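Read the structure below first, then the notes.
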Amino acid sequence: MHIKTQHHDSAWLKTFAARVICFDEVVECYRMSGEWDYLLRVVVKDIETFDVFYKKLINDIDGLSNVTSSFAMEEIKYTTKLPVM
């Protein structure tokens with residue numbers, strides 16, 4: 001999930017962080033550079049559960065100006081192994 005906000009002050013960031021970590025569905029959250037302000041990795045059992053989460057997130061956190069999501073259709077490769085050189 002990608003999130004944009006118009007708020008970049010430290011008070012808003014602290015509030016956002018405090019709220020987003022309370023969602024069990026959010027397993028990773030990053031403050032980003034570039035086009036999007038935040039990247040969330042969300043894990044839910046199905047699209048209906050995601051919709052419930054999405055509505056809860058946008059209603060609970062003020063100041064979100066754009067929220068978009070994408071879903072993996074197929075896992076081609078997944079590893080945590082780092083190449084050793």
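Quick caveat, the model's predicted, so the values are computed rather than measured.
M1 is not listed as a side-chain neighbour of V26, based on a closest heavy-atom distance of 4.5 Å or more.
The side-chain contact (heavy atoms from CB on, under 4.5 Å) test with T49 singles out one residue from I47, V52, D46, and that residue is D46. The only member of V20, L39, I21 that meets side-chain contact (heavy atoms from CB on, under 4.5 Å) when paired with C29 is V20.
The two residues K4 and E35 have their closest heavy-atom pair at CE-O, 3.1 Å. Here the closest heavy-atom approach between residue V27 and residue D24 is recorded as CG1-O, 4.4 Å.
Atom CZ of R19 is surrounded by more than 12 heavy atoms from other residues, nucleotides or ligands within 6.0 Å. No more than 12 heavy atoms of other residues, nucleotides or ligands shown are found within 6.0 angstrom of CD on Q6.
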Test side chain to side chain contact (heavy atoms under 4.5 Å, CB included) on L40 and F23 and set out the steps.
CA-CA 11 Å; L40 278 60; F23 288 96; over 6 Å; no
For I3 and L57, what are the C-alpha separation, side-chain angles and deciding distance, and is it a side chain to side chain contact (heavy atoms under 4.5 Å, CB included)?
CA-CA 11 Å; I3 294 175; L57 179 81; 4.3 Å; yes
May I have the step-by-step check of side chain to side chain contact (heavy atoms under 4.5 Å, CB included) for H2 and V67, ending in yes or no?
CA-CA 6 Å; H2 292 93; V67 178; over 6 Å; no
In sequence, state the C-alpha distance, the side-chain angles, and the governing distance for Y54 and V42, and then conclude on side chain to side chain contact (heavy atoms under 4.5 Å, CB included).
CA-CA 10 Å; Y54 172 82; V42 177; over 6 Å; no
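Atom CG of N59 is separated from atom CD1 of I61 by 10.5 Å, given to the nearest 0.5 angstrom.
Applying the side-chain hydrogen bond (donor to acceptor under 3.5 Å, both in side chains) rule to pairs touching residues 70-85 yields nothing, sequence neighbours excluded. Residue pairs satisfying the salt bridge (charged side-chain N to carboxylate O under 4.0 Å, His left out) criterion with at least one member in residues 47-61, sequence neighbours excluded, are listed as follows: E25-K56, D51-K55.
Shown here are the ring-ring contact (aromatic ring centres under 6.0 Å, His included) partners of F16, two or more places apart in sequence or in another chain: W12, Y38.
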